[in-house]
Amino acid sequence: MFKEIYKDDTTLKTLLDGKWIESSTGNLIEIVSPLDNKVVGKVQAMSKEEVDDSIKNARKAQKLWRNVPLNKRARILYRAADLIEERVDDFVEIMLREVGKDRKSSESEALRTADYIRFTADAAKAMEGESIPSDTFPGFKRNKVSIVTREPLGVVLAISPFNYPVNLSASKIAPALIAGNSVILKPATQGSISALYLARIFQEAGLPAGVLNTVTGRGSEIGDYCVTHKLIDFINFTGSTEIGKRISSISSMKPLLMELGGKDAAIVLPSADLNVAAKNIVSGAYSYSGQRCTAVKRILVEDSIADTLIEKIKAGIEKLKVGNPLDGDVDVVPLIDSKSADFVEELMKEAEEKGATKVIGGSREGNLIYPTLYDNVSLDMRLAWEEPFGPVLPVIRVKDKDEAIEIANKSEYGLQASVFTQNINDAFYIADKLEVGTVQVNNKPERGPDHFPFLGVKSSGIGTQGIKYSIEAMSRPKAIVLNIIE
Ligand code: NAP
Ligand code: G3P
């Protein structure tokens, strides 16, 4: 299945107009594994001219695709989901080597993606449009009816991050396709091989040529050209707040769906079940080494229970398996690159210099940073505010729930937050005041299940994801008003 996408053992081609091609630039980008520094593969570094061809081709293909009956589009998505499940081992191996994701997380990402794609087809079939009579509005007789259906937007540019190379590509592609759009997929360079495997799956599932094209190359080289291209009708971006802000500043008037960075807080009240809180905080903060936008990235806890909670979290961290997923089943893996590990180390060093108490961790071996917990983190420390995207967690002690809310809302980010309490009134009191897209009560922050609305406010995003919401974001109402001639 995947040999078509390879020119030779290590060189991958890119998908344009149903054909896997090499870039005329002859330039290749080596993808090196964060686990053993071995070359995983080489991807095409496409030129702006080739990006242009790809977008023009997708626009042409979209003209036909929009007229393909939804049941036929759905059949292709169902087929794609089946194929992913059939080839789950291939996805596990490539994600393991390319983005250093442990086997268990890689498998759940692939299977989650198959479920996502199927659910997207089901959801679209249930979005039936509406007809609105005129006489419900004052002064109107019953001589008009507005028949409202949904229209595709055209060509969607889908830009995905490294940390979910398959799932966060498919969560853009599937809703866009089912709505009748064509898609240009620009995957993260470190993750592009896994994303090319996904593109091959959609092709094998019967997607017509040009409806999904892939653009490989560094975002720093072709990114601006893609997002400002006049033939792009919608940008669906997941990535850092820094790049997100850049895109929204240069992509004038293009409609955007943006899922950006986070600094998700876990607020723990004295009325919480501290075992539940500690368990959720440990898996929420350290799975995939904290390289999740929804990772728990700060704890806001009342002084009276802080010591007990920290003991329970420390005990949970001590049970985590740390190491190289090539060697076996581990929870905490090496970070995606040394630049990311340097950044995490920088935040830890500054916190320690300013008096934070290291409860556990702090050591580093190459890109591997051991799960680390700091107590007595104060608001003048960068670790209190910046997104480490690594396995380090600050504890900020507060006097009460109102101070927790205040500090939580002071962050530039607003993705999710968790409130741990068994007092439902406190839960709603706090949830009501938090400036975030989602408040989890007695659970860690997380995007799934994928039919729930998923959104970030402030610097964490624009618009709402989640299957039905993504379909709506990448389509628009079209009204045909019948006027009865009297
Ligand atoms: P990133 O550095 O922002 O890259 C994201 C994507 O943008 C990559 O495909 C990248 O390509 C591309 N890109 C870079 N410069 C561009 C430009 N000028 N124009 C267009 N595209 C450009 O993020 P990442 O390191 O892959 O992912 C980690 C970040 O994403 C974290 O901040 C995390 O919080 C956030 N994230 C958020 C969510 C969410 O749902 N809210 C989910 C996952 C991750 P290259 O790889 O070629 O540079
Ligand atoms: O960072 C990826 C983001 O979308 C989180 O997904 O399912 O790990 O909460 P999840």
Side-chain angles (χ1 to χ4, degrees), residues 29 31 43 45-46 51 98-99 101 105 108-109 112-113 116 157-169 171-172 184-192 195 214-229 232 235-251 254 256-264 283-285 287-288 290-297 335-337 339-340 343 386-390 413-416 418 436-438 440 443-450 452 454-466 470:
I29 301 171
I31 310 292
V43 298
M46 294 169 72
V51 169
E98 187 177 21
V99 297
K101 188 167 278 192
S105 304
S108 73
E109 176 171 345
R112 177 185 181 176
T113 302
Y116 186 106
L157 173 63
I159 306 175
S160 51
F162 81 80
N163 66 331
Y164 278 83
V166 173
N167 186 266
L168 284 174
S169 294
S171 66
K172 300 171 193 327
I184 296 289
L185 173 65
K186 155 62 190 117
T189 298
Q190 193 82 27
S192 48
T214 55
V215 163
T216 51
R218 295 204 183 286
S220 54
E221 287 156 22
I222 54 169
D224 290 6
Y225 186 75
C226 292
V227 299
T228 55
H229 197 285
I232 290 291
I235 299 171
N236 187 333
F237 173 83
T238 297
S240 63
T241 292
E242 181 209 346
I243 301 290
K245 284 184 174 171
R246 177 182 180 76
I247 293 174
S248 62
S249 65
I250 63 175
S251 59
K254 284 191 195 309
L256 302 169
L257 182 51
M258 295 226 149
E259 293 295 348
L260 310 176
K263 186 71 180 179
D264 294 8
S283 66
S287 64
Y288 191 39
Q291 299 179 112
R292 296 170 49 243
C293 59
T294 48
V296 173
K297 295 180 180 130
L335 296 184
I336 195 68
D337 54 32
K339 183 164 151 269
S340 303
F343 176 67
E386 297 185 27
E387 180 186 46
F389 229 57
Y413 295 108
L415 191 58
Q416 296 201 355
S418 292
V436 292
T438 302
Q440 301 271 355
N443 188 60
K444 65 180 181 235
E446 57 190 355
R447 173 165 47 106
D450 291 316
F452 280 11
F454 179 70
L455 66 154
V457 297
K458 302 195 287 189
S459 295
S460 288
I462 300 172
T464 303
Q465 275 193 115
S470 295

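Numbering starts at 1 and runs along the sequence shown. Ligands are counted one by one from 1 in listed order, and the atoms in each one are counted from 1 as well.
Side-chain atoms of S460 come within 3.5 Å of backbone atoms of G261 as a donor-acceptor pair (strictly under, hydrogens ignored). S459 places no side-chain N or O within 3.5 Å of a backbone atom of Y413 that could act as its donor or acceptor partner. When atom types are taken as modelled, the side chain of Q291 and the backbone of F389 share no donor-acceptor pair closer than 3.5 angstrom.
Close N/O approach between Q291 and ligand 2 is not found [any backbone or side-chain N/O within under 3.5 Å]. Taking only nitrogen or oxygen atoms, main chain and side chain alike, C293 reaches within less than 3.5 Å of ligand 2. Backbone and side-chain nitrogen or oxygen atoms of Y164 are examined, and one is located within less than 3.5 angstrom of a nitrogen or oxygen of ligand 2.
Counting atoms of ligand 2 from 1 in the listed order, those under 4.0 Å from a heavy atom of R447 are 3 (C), 4 (O), 5 (C), 6 (O), 7 (O), 9 (O), 10 (P).
Heavy-atom distances between E259 and ligand 2 stay at or above 4.0 Å for every pair.
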Measure and list all N/O to N/O distances between ligand 1 and the protein that fall under 3.5 angstrom.
from     : atom 1 : to   : atom 2 : distance (Å)
ligand 1 : 3 (O)  : S240 : N      : 2.8
ligand 1 : 3 (O)  : S240 : OG     : 2.6
ligand 1 : 9 (O)  : S160 : O      : 2.8
ligand 1 : 9 (O)  : A188 : N      : 3.2
ligand 1 : 11 (O) : K186 : NZ     : 3.1
ligand 1 : 18 (N) : D224 : OD1    : 2.9
ligand 1 : 23 (O) : S240 : N      : 3.4
ligand 1 : 26 (O) : F162 : N      : 3.1
ligand 1 : 30 (O) : G239 : O      : 3.2
ligand 1 : 30 (O) : S240 : N      : 3.3
ligand 1 : 32 (O) : E387 : OE1    : 2.7
ligand 1 : 34 (O) : E387 : OE1    : 3.3
ligand 1 : 34 (O) : E387 : OE2    : 2.6
ligand 1 : 41 (N) : L260 : N      : 3.3
ligand 1 : 41 (N) : L260 : O      : 2.7
ligand 1 : 46 (O) : T189 : N      : 2.9
ligand 1 : 47 (O) : K186 : NZ     : 3.0
ligand 1 : 47 (O) : T189 : OG1    : 2.6
ligand 1 : 47 (O) : G219 : N      : 2.8

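The closest side-chain donor-acceptor pair between K172 and T238 falls under 3.5 angstrom. R292 and T294 share a donor-acceptor pair across their side chains, judged by distance under 3.5 Å alone.
Neither the backbone nor the side chain of E109 comes within contact range of ligand 2; no heavy atom lies under 4.0 Å. Only the side chain of N163 comes within 4.0 Å of ligand 2, counting heavy atoms alone; its backbone N, CA, C and O stay farther away.
Between the choices E446, R112, Q416, R292, the shortest heavy-atom distance to atom 7 (O) of ligand 2 belongs to R112.
Residue L256 comes nearest to S248 through the heavy atom pair CD1-CB, 3.6 Å, listed as atom of the first residue, atom of the second, then distance. For the pair P165 and F162, the tightest heavy-atom approach, listed with the atom from each and the gap, is CD-O, 3.1 Å.
Among all non-hydrogen protein atoms, the one lying nearest atom 5 (C) of ligand 2 is T294 OG1, 3.2 Å.
Side chains of L168 and N163 form a contact here, defined as non-hydrogen atoms less than 4.5 Å apart.
In this structure, R246 pairs ionically with D224, as a charged nitrogen and a carboxylate oxygen lie closer than 4.0 Å.
D264 pairs in a side-chain contact (heavy atoms from CB on, under 4.5 Å) with only one of the listed residues (T438, L415, V436, V296), which is L415.
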